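Okay, so here's the structure we're looking at.
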2 protein chains.
Amino acid sequence: MGTTQLESVPEPKYWHLKTVLSEALDSEFSVGEILPNERDLAARFGVARATLRQALEQLELEGRLQRRRGVGTTVAPPRMGVAVGSRQHAWPDAGDDWQAVDCTVTAPPAAVAAALETGPDEAVHTVRRSRVSHGQPVAAELLYVPASSVPALSAIDAPSGPARARGVLRELQRLELDGRESAVELGSARAEDAKELDRLPGAPVLVVTTRFLVEGRVAALSVATYRADTCRLTFGDAGGVVIDEGPERRAS
Amino acid sequence: MGTTQLESVPEPKYWHLKTVLSEALDSEFSVGEILPNERDLAARFGVARATLRQALEQLELEGRLQRRRGVGTTVAPPRMGVAVGSRQHAWPDAGDDWQAVDCTVTAPPAAVAAALETGPDEAVHTVRRSRVSHGQPVAAELLYVPASSVPALSAIDAPSGPARARGVLRELQRLELDGRESAVELGSARAEDAKELDRLPGAPVLVVTTRFLVEGRVAALSVATYRADTCRLTFGDAGGVVIDEGPERRAS
DNA sequence: CAGTGGTCTAGACCACACC
DNA sequence: GTGTGGTCTAGACCACTGC
């Protein structure tokens, strides 16, 4: 007696801790509420702070918690659905949620040049945009457009900055799009993107790479990094049927 | 003199380490090669093992490294592109890469029942499948099909197991699909999925949730968890244009 | 068995937000 | 200032793989 189980498969402490905390979040906390600080929590569960942090990190990765240095740990709202490529045959969204930040003309990174199938020397417009949803920054995008894709642009010779960025986008819309191909993968935020996303460098992000095709060529390449903690990327094309957005939690 | 920089913005050690290691991986290592063990590496860089591990964890998250307990750390191949929902109006893939594992009839988790818009008591076929690509397990899927979506199935009364799973899929194919809507989000592998994916519980995964629509109703719900370290999910619909798969690395 | 990565501890100090 | 999370250390032991 005493011990009910031999613990033949000893679960890691942080894993068990995560389960306990997760259940507590469901039953005893509401969105936005702040948790006790890490030192107190660790003491309460009788573990080292590092162990507790391992559990918190997982919960943050799953979008259940939000931690901010100097502030505290709060219960995160359910992830927001963010439409990505809902219209398969559309150019980059230029809706209210996207905002052009800057535009420069540089030689792109080698990997980008390869994907664009351009020579390493060809000039490429690099448009920086940020996306806001529900009042929060959710994505930072770099849109690479070979100068040859928007020949009219060189004549305009708009100054660098948002104005030029909008010019590039405007010129792009005029091309007839054959199709686009997207890929999603996990990454970690570069320092530059992290700042725009209001996260620390290295924060987990979903990187969406999209190739825009015109006449069999890649006319533009978009690399968008979405906050993985707050976003659920939706790729819906439900034949026009609208499905409501419930505050569902993933089954576990 | 002496110090060239005041280090006014002291970069965390693990972050700098990650950069150094990343460059070393590009220049001095080839795919599959094994790295020195963690204790040696930590000593070589003059940091604690925990700090080194923080760097390795990030690199593994980005798909650059692969670590296996009892074996060692190896250089990972570039992520494989895995097609997800390439045909917008198709039922779940039943190709060679998908393999039906099991099928039971149970009451689904509450979150699933909500997404299916079924009553909490309605019977639901739960099909378990696993996906293999390039000889490696890449995904574990749970496909929820309300009994009402495949009425013919109750008559067949196939035994549990792969045979019944294939029966459910066969019945599904007969329905005319209106459309489907997918979402991608970051998650951590449940113990059950982790085993199928040959990873430890808690490993980062990309969770693809797909709703299949028939006559305005959700006729089936798929929850597929893909290994985030080895997979790049492709959502392409490039208008029939084929784009070759290069071994590109993301710009950094 | 020896060697690997995975977990855990009990401290310390730092960077940042807020008062 | 005080209090928070973020980083870092130097150990220890455990679970697993492969010889």
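Keep in mind that this is a model prediction, so the values were computed, not measured.
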Each nucleotide of nucleotides 11-19 of chain D classed B (base within 4.0 Å of a protein heavy atom), S (only sugar-phosphate) or -, in 5' to 3' order, makes -BB-BBB--

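For B:Thr73 and C:dG5, the shortest distance from a side-chain N or O to OP1 or OP2 is below 4.0 Å. The phosphate of C:dT7 (OP1 or OP2) has no side-chain N or O of A:Thr51 nearer than 4.0 angstrom.
Here C:dA15 presents its C1' atom at 10 Å from CG of A:Leu200, a figure rounded to the nearest Å. The distance from atom OH of B:Tyr14 to atom P of C:dA15 is 14 Å, rounded to the nearest whole Å. The separation between A:Lys18 atom NZ and C:dT7 atom C1' is 16 Å, rounded to whole Å. If you take CG of B:Leu52 and P of D:dC8, they are 12 Å apart, rounded to a whole angstrom. Separating the CZ atom of B:Arg53 from the C1' atom of D:dG6 is a distance of 18 Å, rounded to the nearest angstrom. Rounded to a whole Å, the CG atom of A:Leu17 is 14 Å from the P atom of C:dT7. Following rounding to the nearest Å, B:Phe45 (CZ) and D:dT9 (C1') show an atom-to-atom distance of 18 Å. One atom, CD of B:Gln58, and another, P of D:dC8, lie 11 Å apart when rounded to the nearest Å.
Annotation: proximity of residues 28-38 of chain A to DNA chain D (heavy atom, distance under 4.0 Å) is found for A:Asn37, A:Glu38, numbered in ascending order.
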Could you list the donor-acceptor pairs under 3.5 angstrom formed by side chains in residues 97-113 of chain A, with sequence neighbours left out?
from, atom 1, to, atom 2, distance (Å)
A:Asp97, OD2, A:Arg131, NE, 3.2
A:Asp97, OD2, A:Arg131, NH2, 3.3
A:Asp102, OD1, A:Gly161, N, 3.3

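The pair B:Glu62-B:Arg64 fails the salt-bridge criterion, with no side-chain N (NZ, NE, NH1 or NH2) lying under 4.0 Å from an Asp/Glu carboxylate O.
Shown here for A:Phe29 and A:Ile34, the closest heavy-atom pair between the two residues is CE2-O, 4.4 Å.
The side-chain heavy atoms of A:Leu142 and A:Arg128, taken from C-beta on, include a pair separated by under 4.5 Å. Side-chain contact between B:Leu21 and B:Phe45 is present, with at least one heavy-atom pair separated by less than 4.5 Å. When side chains are defined from C-beta on, A:Arg164 counts as touching A:His125, because their heavy atoms get closer than 4.5 Å.
Scanning for side chain to side chain contact (heavy atoms under 4.5 Å, CB included) contacts around B:Ser222 gives B:Glu141, B:Leu143, B:Thr210, B:Phe212, B:Ala224, with sequence neighbours left out. For A:Pro204, the side chain to side chain contact (heavy atoms under 4.5 Å, CB included) partners two or more places apart in sequence, or in a different chain, are A:Leu61, A:Leu186, A:Ala228, B:Leu186.
Note on A:Leu56: nothing from the nucleic acid sits closer than 4.0 angstrom, heavy atoms only.
Comparing C:dT7, D:dG6, D:dT9 by their closest approach to the side chain of A:Pro12 singles out C:dT7. Of the candidate nucleotides D:dT9, D:dG6, C:dA10, C:dA10 has the atom lying nearest to any side-chain atom of A:Ala48.
Judged as a salt bridge (charged side-chain N to carboxylate O under 4.0 Å, His left out), the pairs with a partner in residues 34-51 of chain B (not counting sequence neighbours) are, in order, B:Glu38-B:Arg49, B:Glu38-B:Arg53, B:Glu38-B:Arg67.
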